[in-house]
Amino acid sequence: MKSLFARILTLLVPVTPLVAAADWRADPVESRAGIHVVSNFGEEEVFFSTEISAQAIRSALRLVDWEEGFHAVTVVLVPGVSMDVSGSLDPQHGLSAAYQNRHEHRAAVIREAPESVEQMEAILLAFIEPGDGWKDKWTFDFADVPIRD
């Protein structure tokens with residue numbers, strides 16, 4: 001599981017000047033509210049839905065084969081504020097969840113990884129509810145992210 005955590009942390013925290021200079025507003029996922037599906041280790045990105053609902057989340061999660069490859073389903077509430085569940089049911093990769101709030105320069109990775117698609121679904125469904133109740137249901141490790149703007 002450490003390797004998945006390390007990969008996600010690398011995505012959240014810049015490790016090179018090139019990454020540090022990247023502007024999230026140009027990212028096709030983070031810059032557009034809705035549900036995004038990224039598959040095949042980041043090779044394929046699909047803007048799945050502008051509608052953010054329980055049914056749309058369930059459909060997006062079932063779009064991918066969680067047994068094969070490495071996938072992410074990202075819910076972007078407003079550009080720069082998102083939750084993604086990612087990984088694979090393959091124990092080599094595992095699953096995870098990560099939160100981003102680019103406006104507040106905060107990021108978080110779930111401490112105890114989800115073990116099923118149903119758990120990933122529960123995380124995303126809690127995230128789309130008003131307020132921050134999702135923070136009470138799961139433990140996330142939060143960090144300040146260096147300003148990239």
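By convention here, the first residue in the shown sequence is residue 1. These numbers come from the heavy atoms of this one structure, side chains and all, not from hydrogens, waters or symmetry mates. As the structure is a computational prediction, the values presented were derived from the model and not from experiment.
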Residue pair Lys137 / Ala126: nearest heavy atoms and the distance that separates them: CD-CB, 4.1 Å

Parallel, tilted or perpendicular: ring planes of Phe70 versus His93, cut at 30 and 60 degrees: perpendicular

Where Glu45 and Pro28 come nearest, the two heavy atoms and their spacing: OE1-CB, 4.0 Å

Minimum side-chain heavy-atom gap Trp138-Gln119 below 4.5 Å: no

For Trp24 against Ser31, the heavy-atom pair lying closest together: O-CB, 4.0 Å

Side chain to side chain, Leu61 and Val37, heavy atoms closer than 4.5 Å: no

Residues, nucleotides or ligands: over 12 heavy atoms within 6.0 Å of Lys135 NZ: yes

Over 12 foreign heavy atoms within 6.0 Å of CD, Glu68: no

Contact check, side chains of Asp84 and Val73, non-hydrogen atoms, under 4.5 Å: no

Validation row: Pro114, Ile123 side chains within 4.5 angstrom (heavy atoms): yes

Side-chain touch Thr74/Gln100, heavy atoms, less than 4.5 angstrom: no

Flag side-chain contact, heavy atom, 4.5 Å: Leu77 against Phe127: yes

Nearest atoms (heavy-atom pairs only) where Ala107 meets Val145: CB-CG2, 3.4 Å

Remaining members of the apolar cluster that contains Val76, side-chain heavy atoms under 4.5 Å: Val29, Val38

Phe48 and Leu63, any side-chain heavy atoms less than 4.5 Å apart: yes

Mutual orientation of the aromatic rings belonging to His71 and Trp66 [parallel < 30°, tilted 30-60°, perpendicular > 60°]: perpendicular

Sidechain-backbone polar pair: Asn40 side chain, Glu43 backbone, donor-acceptor under 3.5 Å: no

Side chain to side chain contact (heavy atoms under 4.5 Å, CB included) between Val109 and Ser96, worked out: CA-CA 7 Å; Val109 175; Ser96 190; 3.8 Å; yes

Stepwise side chain to side chain contact (heavy atoms under 4.5 Å, CB included) test for Leu124 and Met83: CA-CA 7 Å; Leu124 292 178; Met83 175 75 73; 3.7 Å; yes

Candidate pair Val85 and Leu95, rule side chain to side chain contact (heavy atoms under 4.5 Å, CB included), full reasoning: CA-CA 7 Å; Val85 293; Leu95 299 171; over 6 Å; no

Exercise: identify the closest heavy-atom pair between Ser88 and Gly69: CB-O, 3.1 Å

Test: Arg62 and Glu121 ion pair at under 4.0 Å: yes

Contact summary for Ser39 and Val64, nearest pair of heavy atoms: OG-CG1, 3.5 Å

Contact check, side chains of His36 and Val46, non-hydrogen atoms, under 4.5 Å: no

Test item: side-chain donor near acceptor, Ser59 and Gln55, under 3.5 Å: yes

Charged tip of Arg32 within 45° of Phe47 ring normal and under 6.0 Å: yes

Side chains of Glu51 and Ser53, donor plus acceptor under 3.5 Å: yes

